[in-house]
Engineer: 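Have a look at this one.
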Amino acid sequence: MKRIYLDHAATTPIDPQVYEVMTKILAEEYGNPSSIYSEGRSVKKYVETAREQIAKAINADIREIYFTGSGSEADNWAIKGIAMKNRAKGKHIITTQIEHHAILHTCEYLEKDGFEVTYLPVDEFGLISLDDLKAAIRKDTILVSIMFANNEIGTIEPIKEIGEIVKEKGVIFHTDAVQAFGNVPIDVKDLNVDLLSISAHKIYGPKGMGALFIRKGVLIDNLIHGGAQERKKRAGTENTAGIAAFGKAAELAVINLEENSKHLQTLRDMLIEGVMAKIPQVRLNGHPTKRLPGNVSFCFDYIEGESILLSLDLAGIAASSGSACTSGSLDPSHVLLAIGLPAGVAHGSLRLTIGKHTSQEDIEYVIEQLVVIIERLRKMSPIDVNCPIDDAVFEDAGHHH
Amino acid sequence: MKRIYLDHAATTPIDPQVYEVMTKILAEEYGNPSSIYSEGRSVKKYVETAREQIAKAINADIREIYFTGSGSEADNWAIKGIAMKNRAKGKHIITTQIEHHAILHTCEYLEKDGFEVTYLPVDEFGLISLDDLKAAIRKDTILVSIMFANNEIGTIEPIKEIGEIVKEKGVIFHTDAVQAFGNVPIDVKDLNVDLLSISAHKIYGPKGMGALFIRKGVLIDNLIHGGAQERKKRAGTENTAGIAAFGKAAELAVINLEENSKHLQTLRDMLIEGVMAKIPQVRLNGHPTKRLPGNVSFCFDYIEGESILLSLDLAGIAASSGSACTSGSLDPSHVLLAIGLPAGVAHGSLRLTIGKHTSQEDIEYVIEQLVVIIERLRKMSPIDVNCPIDDAVFEDAGHHH
Amino acid sequence: MDYTDKVMENFQNPKHVGELSDANGVGQVGSPACGDIMKIFLKIDDDGIIQDASFKTFGCGAAIASSSMATDMIIGMNIEEAAKLKNSEVVEALGGLPNEKIHCSVLAAEAIQAAIDDYKKGATA
Amino acid sequence: MDYTDKVMENFQNPKHVGELSDANGVGQVGSPACGDIMKIFLKIDDDGIIQDASFKTFGCGAAIASSSMATDMIIGMNIEEAAKLKNSEVVEALGGLPNEKIHCSVLAAEAIQAAIDDYKKGATA
Ligand SMILES: Cc1ncc(COP(=O)(O)O)c(C=O)c1O
Ligand SMILES: Cc1ncc(COP(=O)(O)O)c(C=O)c1O
C-alpha cells in the first residue's frame, strides 16, 4: 500500500543530497577533526563548512554556532547553562506553558534546585501575551525562554516583539526554534535572540544532531564537559557525518524556504478547509494564520486520538496525536490543555504535518479517509452531541489514573 | 601516498558492515521510533536490536543500556547524574588523576558546586593503588569513578578489585570503558560496576554515539530532560541510524575480540621492541603488560611531540601526541605528568594506536621512518644528553605562558 | 505501541459494537479526561445467562479491542461467571497488551461488573 | 592545526639549522616545560651587519618554521634593524600562524634580541 507520511513535525525523511554528504563522510572521512594529521584536517573542513551553512541560515556568525547531539540537548544546555552561570544574579526564569518537554522538564528540574519558574499562559490560539511577559519580568529574572513555533498546534509566537521587551530589561532570551527552523525565515540579528535551538531531523537531516546558537558575549556553563571541541563549550568527538549533513540540510532548507513554505501552506489550507467542511464537530487547534505552514491540528469531539491514528495507519497514513515523544503517555497534551480544551476533548486530537513531498492527491485521500474513520469511531463512542459527558462528573470516577 | 593510520584510540574508520546497517536506516527507515504507526514501529525494532547487541556485549540486561550522543555525554551523565541524585547523602567523589577530560572537567565543575573530589595518584605505570582507594573512601563518598583503560598510555586498571572494594563500602562505582570496550572482555556482572560508559566511534562505529550502562536499581538524575525516550532517562529523538550502527559494531567487536586483540598485541609488541632497539633515549609510557592490546606510547627525549607528528604525517603516518581532544592545547598531558614525567619530557610524547587493519609491513615502515625523524629532529634541538636542560631554571624564564 | 495481531483484528473489526435495544443491564466506567469511557450493554435471560452483549467505547485501540474481546467472551456465560472475568483473561485472549495499556482491560472487566450490578438492581429491567 | 604551505615548507626544509662555530652572539629563550626552546646563533661583522645566522629549536612545527624564517629574514640586516624585527613580520612571512601558535613567532623575535644582547655584552665575542 502506498504510504502517506504526514508527521513531518515528528521527524522527516533524509533528503537525497543530505544523504550523499553524510555517507561520503561516513565512508571516506573517518578522521578525528581535532587531529593535526591530514585525515583530521580534511574532515575538519567539512565541519567548518557546515558551521558556515548553519550560521548563514540564521544570519549568525560562525563562532556563534555550537553543534549538539539533538534539539533536546540544545534546549537543556541553553536553560541549564544560563541558569547555572547566572544563579548568583538571580534564580527566576520565565517560559510558557506550551513549551516542548525538553524545556518544561528542564525547568521543573531547576525548580527542585531552588530556581523559580514562571510558566506564561497562552490564549485560545496558543499565543502568549506581551503584557503578561512584561509583568512577569523581575529584578532577579535571568532568562526568558519562549518557543518560536509550537510543535503541536503550530502557533508562531511574536519572537521579535518578545526579544525587544526582554532585551530592554537586560535579560537573556532563548528560543526553541526546532519547529520553526526551515519553515519560517529566522534572522538572529533582527530578532534580538541570545540563544536559539535547532535540530537536524526536522529539516530532512539526520536524527541525533542539533545546534545551539549562542550570541557572542553571552556567557554560559557547559552541559557536557571534557575535551576542547566546539571551542571548549561542548565536549565529545564531533559527529562529523551528522554535522556535515546538518549543514547541507540547512543550506537546502534556506534555499528552498519560500517555495517550500508556499507549497506546505497551500496543502495545509486545503486540508483544513476540506476537513472542516466535511466533518462536523471538529475544531482547528492553534492560530488560523500565525501558524507553521505545514501544521494542521484538529480535535474531533467524542473520539480518542490513538484510535484515529491506528485507523489512519491502517489506511496507509502516518499522523500523530500530541507530540511523538509523549505518544507512549496517557496524559492529554499539556499544550491542548493550555489553550483551554477540556481533557476529554484534548484526547481526541490529531496532528497532520505536511512535508515537501506531500501532494495534493495525498491531501485529498487523507480527507476522504478521515471522513470515514471519524464517522466509524463516533458510531462506536458512548458520547455524542445528544449525550455529552460532563467531565467533572467523570473525573471523580477516574480512579484508574 | 599510502597512508598508515595509527590513531585508533582517537577514532576508527567505520566497518563496512556497520556502514551498511547505518545507511540502510538512513535511507529507508526514517520513522520516529516513538511513533505508533508502521514507520515508527519498524525503526523501533532496529533500536531494540541494537540495545540487545550492546547488552550482550557487556553481559548486561537490555533495560540497563541507555543510548547517548557520545562517550563524553555518558561520562558527564554518570558523574553529574549520580552526584546530583545523591547530594543529600554526601558530596564526596573519588576519581583518578589520569581520567579523560570528560571525567576530570566534570568533576572540576562539581567542585565549584560544593562537591569534594579526591583525585587518586597513579604509579609510574599509571596504576592506582588499592590501598589509596580504600583510604580515600569516606562516609560521605557517593561515587567512585575510575577508568577501565587509559586512552593515552593504555594502562588497564584493576577494575574487578576496585569494584569489590567499592561495593563493600556501599558506594556507587562508575568506569569509563570507552577505550577498553571492544579491546578487552567486559562483563558487568562479574565486575561489580554500577555504571559504565562506552562510545561507538572507538569500535569502528559512527561518531556522536555512546551509551551508558546503568545497573538496575541505581538511581540517577537525567542529564538531558525532555521527551520520554530511553525509558524517560535520556530525552531527544533517537539517533536511530547511529544506534543501529553502534549495535552492529558492538556485535562485531565481541565476536572478533580474541582474534583481534591477539593481532593488535603482536603488532604492538613488535613496534615497541623495534623502536626501543633502534632509537636511543626513548621511554615506553604505561604498563609493560597491563596495557591495551593496541596501545603504544613513547616519550622521546629532547624533542617535541607535534614536530614528530607533522613529520610522520608527511611520511604518510597518522599518529597522536597526548589525546586527540587536547591536541590544540599547549599544556603537556596530565596523564604523563601523573606518571611522573617532567613537563619537558612529556612534551615529547608520541602515541601510536594499532587497529584491525594494521599490518606487519605498516609497523616495519613506521619504525624505519621514526628512526629517521627522531634523529633529524634531535639534530635540530638545542638540548641533548650532553646539554640537558634543567627544567626548573627554564620554568622561570617561561614568561610566555 | 506494539499491538498484537489479535488486538489489531479486534480494533479493526470489533465485534458487538453498538447499543442493545433490549438490554437489561448497562454499565459505564471511565472518564473522557482519562481518555477512556466504556459502556457495556447486556441482555440477560431469566436463568442469569448472558444472551447478548455489546459495547460503545471512547478510547484507544486497546480499549476498543478489549471491549470487543470482553463482550465476546461473556456471551453465553452466566452472570456469576461473567462478574468474575479477570482483566488478565482479556489480556491473554488478546495475545497481550503493552504495559501502559493494561488498564484498558481492567476497564472492560469493570464495565461488565457495572452492567451486571445494574441488572441486579433491576434499574433497567 | 592548519599550517600554511609556507610553514610546512619551512618545517620540512628548514634553513640555517645548527650551530655556527664562529658565532659571536648566541641567545636562548623558552623552556622545555612550555614545550619550546629556541637558540639563535649570530655572526655579526664589525659594521654591525648580521653575516650569518642559525638556530637550534626544541618545539612544534610552528616553532621550527618560525626559527627558519626569522633567521633567514635577519641575515644581511644590521643589528639595530634585526633587534626591531617584530613577531608579526615573521607571521606574515610565513603566510600566517594558527592563533595558539603565535607565541612561537614571539619566541623567535625574542631569541634574536637575546643573541644581539649577548653580542653587545661581548659575552661570546
Ligand atoms: C577514555 C575516554 N573517555 C571518553 C572519551 C570520549 O568519547 P567521545 O569522543 O565519544 O565523546 C574518550 C575518547 O574521546 C576516551 O578515550
Ligand atoms: C519544539 C521542539 N523542541 C525540541 C525538540 C527536540 O528535538 P530533538 O528530537 O532533536 O531532541 C522537538 C522535537 O522533538 C521540538 O518539536
Engineer: Checking heavy atoms, do the side chain of D/Gln12, its backbone, both or neither come under 4.5 Å from chain B?
Structural biologist: both
Engineer: Aromatic rings B/Phe300 and B/Phe298: how do their planes relate, parallel, tilted or perpendicular, breaks at 30° and 60°?
Structural biologist: tilted
Engineer: Kindly say whether B/His201 contributes a backbone atom to a donor-acceptor pair with the side chain of B/Thr12 at under 3.5 angstrom?
Structural biologist: yes
Engineer: Give a yes or no on whether the backbone of D/Asn78 and the side-chain of D/Glu81 come within a donor-acceptor separation of less than 3.5 Å.
Structural biologist: yes
Engineer: Between the side chains of D/Lys56 and B/Asp384, is the shortest nitrogen-to-carboxylate-oxygen separation below 4.0 Å, so that they form an ion pair?
Structural biologist: no
Engineer: Contact part of D/Ala62 toward chain B, heavy-atom cut-off under 4.5 Å: side chain, backbone, both or neither?
Structural biologist: backbone
Engineer: Would you mind telling me which of B/Arg376, B/Lys379, B/Arg378 has the largest number of heavy-atom pairs within less than 4.5 Å of chain D?
Structural biologist: B/Arg376
